[in-house]
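Inspection log for the structure reproduced underneath, given as C-alpha cells.
Labels below follow one simple rule: chain letters A, B, ... track the order of the sequence lines, proteins then strands, and each chain is numbered from 1.
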Number of protein chains: 2
Amino acid sequence: MAKEIVDDQLAQNQLVTNHLVENPFAARGHDHSSCIVSALDGAEKRCSRRGERLTPLRRRVLELVWRGHRPVGAYDLLALLQDERGRVAPPTIYRALEFLCDQGLVHRLDSLQAFIGCGHPGAHDEAHHAAHFLICQDCGLAVEMRDGQLDGAILGLAARAGFAIADETVEISGLCADCQV
Amino acid sequence: MAKEIVDDQLAQNQLVTNHLVENPFAARGHDHSSCIVSALDGAEKRCSRRGERLTPLRRRVLELVWRGHRPVGAYDLLALLQDERGRVAPPTIYRALEFLCDQGLVHRLDSLQAFIGCGHPGAHDEAHHAAHFLICQDCGLAVEMRDGQLDGAILGLAARAGFAIADETVEISGLCADCQV
DNA sequence: TATAGATCTGTTATAATATAACATAATGAA
DNA sequence: TTCATTATGTTATATTATAACAGATCTATA
Ligand SMILES: [Zn+2]
Ligand SMILES: [Zn+2]
Ligand SMILES: [Zn+2]
Ligand SMILES: [Zn+2]
C-alpha cells in the first residue's frame with residue numbers, strides 16, 4: 001500500500017457508513033463529518049473523564065484515523081501527518097496510536113496490520129463487549145459488530161476451558177452485501 | 001523474540017498437549033512425538049489426495065512447526081533450518097509456510113505474527129469450521145477450538161448482515177487454567 | 001512564581017516481518 | 001529425451017514497529 005490507499009481514503013468519506021447505525025454496511029451515503037465530530041467530541045469527554053490528555057497531536061491522529069470507515073496503516077497516517085508537518089518519524093504516529101488504543105478510541109486490526117476508529121467507545125468498558133469486525137475485502141469497509149450471541153459463545157467456550165480472557169481478536173473477512181455479484 | 005524462544009520450543013515438547021484431545025490445555029504430559037508423527041502422516045495423505053507435493057523441504061518445515069503446540073515465528077523456523085542447512089533465505093521459509101497454510105496444514109496467528117500446526121486438517125473442509133484459537137499469554141500454548149455455538153454465532157451475524165465470509169481470524173488471548181494464580 | 005517531577009514529543013538508529021524479481025534446479029508429461 | 005511446469009536458491013528491498021536518548025511542555029506544590 002502507500003499513496004494509492006491514502007488517496008483512496010480521501011475519496012471515501014461520503015460513500016461510507018455511520019458508526020451509530022447497527023449495520024453500517026447498510027448505511028452508505030451518510031454525512032461522515034458528523035461521525036468525525038462525534039468521535040472527536042466523545043474522545044475529549046472520555047479522556048477528560050479518565051484524566052488522560054488528548055493532546056493536539058493525538059487528537060489530530062484520531063481525526064486522521066476517522067477520515068473514513070476503512071482501516072488505515074500506520075505509515076499512511078504518517079504520510080498524512082508529514083503532508084502537514086514536514087518530517088515526522090514513525091515513533092510519533094505509533095505513540096499516538098498506542099495512546100488511542102489504550103483509551104479504547106482506536107482498534108488495531110491484526111489481520112490487516114491497520115487501525116480504525118472505535119465505533120462505540122465505552123461499550124468496551126461494560127461487562128464483555130470486545131471489538132469484533134466484519135471486513136469487506138472488496139470495498140475495504142470495516143464494521144465493528146455488537147452481537148450478544150457471539151459474546152456469549154466466546155464467554156461460554158472460555159468458561160468451559162477454564163480460560164481467563166484478556167484480549168479478543170475477531171475479524172471476519174469476506175464480501176459485504178453491496179460487493180457480492 | 002529469537003534464540004530464547006527457539007530454545008524454549010526445544011524444551012516444550014514433553015509438557016505439552018495433544019491435539020487429538022478436545023481441550024489440550026487439560027492434557028499436559030502427553031507423548032508429543034505421536035502428535036508429530038500423526039501430523040506428518042496426515043499431511044502426506046492430504047497432499048497426495050489433493051495432488052499436491054509435500055516436498056522434503058515442506059515436510060521438514062511442517063515438522064519444525066510441530067515441534068510443539070506453541071506458535072513459532074517465521075524467523076525462528078528460519079534459524080532452525082539454518083542450523084541444519086547453512087544459509088537459508090527468508091523466501092524459503094515463507095514459501096513453505098504459504099504452501100502449508102494453503103493446504104490447511106498450518107495456520108497463521110495474526111495476533112502473534114506466528115504459525116502453528118493445524119490440530120484437525122480436514123475439519124476445515126466441512127461446512128463451516130474455521131480455525132479459532134485460545135492462546136495462553138503465560139505458557140504460550142495455543143489451542144485450536146471447535147465450538148458449534150461460536151460457529152453458529154458467526155454464521156448468524158454474517159447472515160443478518162448479508163455478509164459472505166471468506167476468512168475468519170478468531171484468536172482469544174488470556175490465561176489458561178493452569179496459568180491462573 | 002519558581003522549581004522539580006512527570007509526561008509528551010522529536011530524532012536517530014535499528015529490529016522484526018515479509019515480499020519482489022530473477023536465476024537455477026528438479027519434476028513430470030508427452 | 002524434450003519441453004513445460006513447479007519448486008528452490010539468491011539478492012535485494014519493502015513494510016511494520018520499537019529502542020534509546022535528548023529536548024520540550026505540562027502540572028503540582030512549595
Ligand atoms: Zn470498539
Ligand atoms: Zn464491500
Ligand atoms: Zn485448523
Ligand atoms: Zn498457560
Winner on side-chain proximity to Tyr75(B), out of dT17(C), dT6(D), dT11(D), is dT17(C)
Output the residues of residues 93-111 of chain A in contact with DNA chain D, where contact means a heavy atom of the residue under 4.0 Å from an atom of the strand; sort by number or write none. Tyr94(A), Arg95(A), Arg108(A)
What integer distance in Å separates Glu52(B):CD from dG28(C):C1'? 15 Å
Under 3.5 Å side-chain donor-acceptor pair for Glu171(B) and His107(B): no
Spacing between Leu57(A) atom CG and dC8(C) atom C1', to the nearest angstrom: 9 Å
Do Val170(A) and Leu175(A) sit in one hydrophobic cluster, given that two such residues count as connected whenever their side-chain heavy atoms are within less than 4.5 Å of each other, even indirectly? no
Distance in angstrom units between Arg60(A) CZ and dT9(C) C1', rounded: 18 Å
Nearest-nucleotide comparison on DNA chain D, the residue closer to the 5′ end among Pro90(A) and Arg58(B): Arg58(B)
Residues Glu44(B), Arg59(B): salt bridge by 4.0 Å N-O rule: yes
What is the distance, to the nearest angstrom, from the CG atom on Leu78(B) to the P atom on dA16(C)? 13 Å
Please check if the side chain of Glu144(B) supplies one atom and the backbone of Gly119(B) the other of a donor-acceptor pair under 3.5 Å. yes
Could you tell me how far apart Leu112(B) (CG) and dA17(D) (P) are, to the nearest whole angstrom? 14 Å
Please report the distance, rounded to the nearest Å, between CG in Asp76(B) and C1' in dT17(C). 11 Å
Which of these nucleotides, dC8(C), dT11(C), dA20(C), is closest to any side-chain atom of Pro91(B)? dA20(C)
Could Glu98(B) and Arg95(B) be called an ion pair, given the rule that one side-chain N must be under 4.0 Å from one carboxylate O? no
Salt-bridged, Arg46(B) to Asp125(B), with N to O below 4.0 Å? yes
